[in-house]
Amino acid sequence: METVSGKIALVTGGGRGIGRSLALAFAARGNPVVVTGRTQSRLDQVAAEVDRLGGKALPLRCDVTRRPEVEALKNVIESKLGTVQILINNAGMAPAAAFLEMEDCLWEEVFKVNLTGTYYCCKVFLPAMIASGWGRVINIASTVAKVAYSHISAYVASKHAVLGLTRALAVEMGRTGVTVNAICPGYVETELTLNNAKMMAEKTGRSLEQILGLFKRTSPQNRLIDPKEVAELALMLASESASGITGQAINVDGGAVMV
Ligand code: NAP
């Protein structure tokens, strides 16, 4: 797989979980990586890990729901490193709530982070990417961008919208040298999954192991996905040889969803 080392990658939500794995994987392949999120200490930890690998990382705080912060982020990156050519929209949240009990503010917050955050980053970082003639936008969606599960209606609807945006942008970017794709993980072994499992365990009176067992059994492989598996696919989509892959939504879920 031909890689594109040297090109600057930006990972939103890069301080933990899938974002952390993405940052480490791209840095290991020789891409300078900007890790961003709202918790500076987590970003600094990931940057230190990248440093130990011999890579280069810039940990910059940014709330993707605030457009001025995204614009300020772009200005700092351009002054310190250059043009972002690999944008990975990974920041996200997946709180569980029954539809009729869900507060409006929860619905709004989920859409702000998962969809509007992705929109702001695309809006702010695409112009320079297009001007450079080469770019990769990788949206970390979810299998719930294609199918639905109970008690996560805001998450399901927002990730369906992320997939719609991915496809629309892929069409619009067709002749620019920029590809736009989505990765759709199933249950990944991260804090997000563990916290949801803990909440389900409390609500149902079952043990954490039983709930994690339920999550695993949604996949024919009967296991959770390792965040590194998501990162490996992102590396492939960001490679030179993936220039013909755009507008796609690729599942990494052990075969749980086959659409
Ligand atoms: P996670 O461990 O909860 O990490 C989420 C990351 O997003 C954190 O680094 C968080 O950092 C950041 N974030 C949240 N709100 C933000 C905001 N407003 N601005 C900037 N950063 C923000 O979750 P994960 O499991 O790694 O998930 C990463 C992505 O994969 C999400 O989009 C999620 O929907 C998707 N996904 C996860 C799974 C799974 O099973 N875990 C499955 C399918 C898809 P701060 O809180 O410090 O800002």
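Both ligands and their constituent atoms are indexed starting at 1 by order of listing. Owing to the predicted nature of the structure, the values given are computational and were not obtained by experimental measurement.
- The closest side-chain donor-acceptor pair between K159 and Y155, if any, does not fall under 3.5 angstrom.
- More than 12 non-hydrogen atoms from other residues, nucleotides or ligands lie less than 6.0 angstrom from CZ of R61.
- Of all protein heavy atoms, the one closest to atom 16 (C) of ligand 1 is R38 NE, 3.5 Å.
- Cluster membership check: V180 shares its hydrophobic cluster with V84, using side-chain heavy-atom separations under 4.5 Å among Ile, Leu, Val, Met, Phe, Trp and Tyr.
- Only side-chain heavy atoms of K159 come within less than 4.0 Å of ligand 1; its backbone N, CA, C and O stay farther off.
- Applying the 4.0 Å criterion to heavy atoms of D63 picks out, from ligand 1, the atoms 17 (C), 18 (N), 19 (N).
- Atom CD of E172 sits in a sparse spot, with 12 or fewer heavy atoms from other residues, nucleotides or ligands closer than 6.0 Å.
- In terms of protein heavy-atom proximity, atom 13 (N) of ligand 1 is nearest to A91 CB, 3.9 Å.
- The contact set between ligand 1 and T39, taken as ligand atoms under 4.0 Å from a residue heavy atom, comprises 45 (P), 47 (O).
- Heavy-atom contacts of G13 reach the following atoms of ligand 1: 6 (C), 7 (O), 9 (O), 12 (C) (cutoff under 4.0 Å).
- Contact annotation: for A94 versus ligand 1, there are no heavy atoms closer than 4.0 Å.
- Between the choices Y187, Y155, F215, the shortest heavy-atom distance to atom 36 (N) of ligand 1 belongs to Y155.
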Hey, can you pull the donor-acceptor pairs under 3.5 Å for the side chains in residues 100-111, sequence neighbours left out?
none

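- I140 and M236 fall within the same hydrophobic cluster, defined by Ile, Leu, Val, Met, Phe, Trp and Tyr side-chain heavy atoms under 4.5 Å apart, directly or through other members.
- Here is the list of ligand 1 atoms found below 4.0 Å of a heavy atom in T65: 18 (N).
- Of all the atoms in ligand 1, the ones that sit under 4.0 Å from a non-hydrogen atom of T193 are 39 (C), 40 (O), 41 (N).
- Regarding atom 8 (C) of ligand 1, its nearest protein heavy-atom neighbour is R16 CZ, 3.6 Å.
- Heavy-atom separations between T12 and ligand 1 are all 4.0 Å or longer.
- For atom 19 (N) of ligand 1, the closest heavy atom belonging to the protein is V64 N, 3.0 Å.
- Every residue two or more places apart in sequence or in another chain that forms a side chain to side chain contact (heavy atoms under 4.5 Å, CB included) with L192 is listed here: A94, T190, N196.
- Counting the atoms of ligand 1 from 1 in the order shown, those under 4.0 Å from a heavy atom of C62 are 19 (N), 20 (C).
- The closest heavy-atom contact to atom 35 (C) of ligand 1, among the options A141, G92, G186, P185, comes from A141.
- For the residues V188, N196, D253, the heavy atom positioned nearest atom 40 (O) of ligand 1 is part of V188.
- Near N90, meaning under 4.0 Å from one of its heavy atoms, ligand 1 places the atoms 28 (C), 29 (C), 30 (O), 31 (C), 32 (O).
- Side-chain atoms of N114 and S158 include a donor-acceptor pair closer than 3.5 Å.
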For this session: Decide yes or no on salt bridge (Lys or Arg N to Asp or Glu O under 4.0 Å) for E232 and K228, but give the supporting numbers first.
Result: CA-CA 6 Å; E232 286 296 323; K228 286 186 195 140; over 6 Å; no
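- Placement of M199 and L194 in two distinct hydrophobic clusters is found when ILVMFWY residues are connected by side-chain heavy-atom separations under 4.5 Å, directly or transitively.
- Scanning the protein heavy atoms around atom 37 (C) of ligand 1, the nearest turns out to be I18 CD1, 3.7 Å.
- Of the protein's heavy atoms, T190 OG1, 2.5 Å lies nearest to atom 25 (O) of ligand 1.
- Atoms of ligand 1 found under 4.0 Å from any heavy atom of G17 (numbered from 1 in listed order, with element): 26 (O).
- Residue R206 places its CZ atom among 12 or fewer non-hydrogen atoms of other residues, nucleotides or ligands, all under 6.0 Å distant.
- N75 and E71 are not linked by any side-chain donor-acceptor pair at a separation below 3.5 angstrom, with hydrogens and angles left out of the test.
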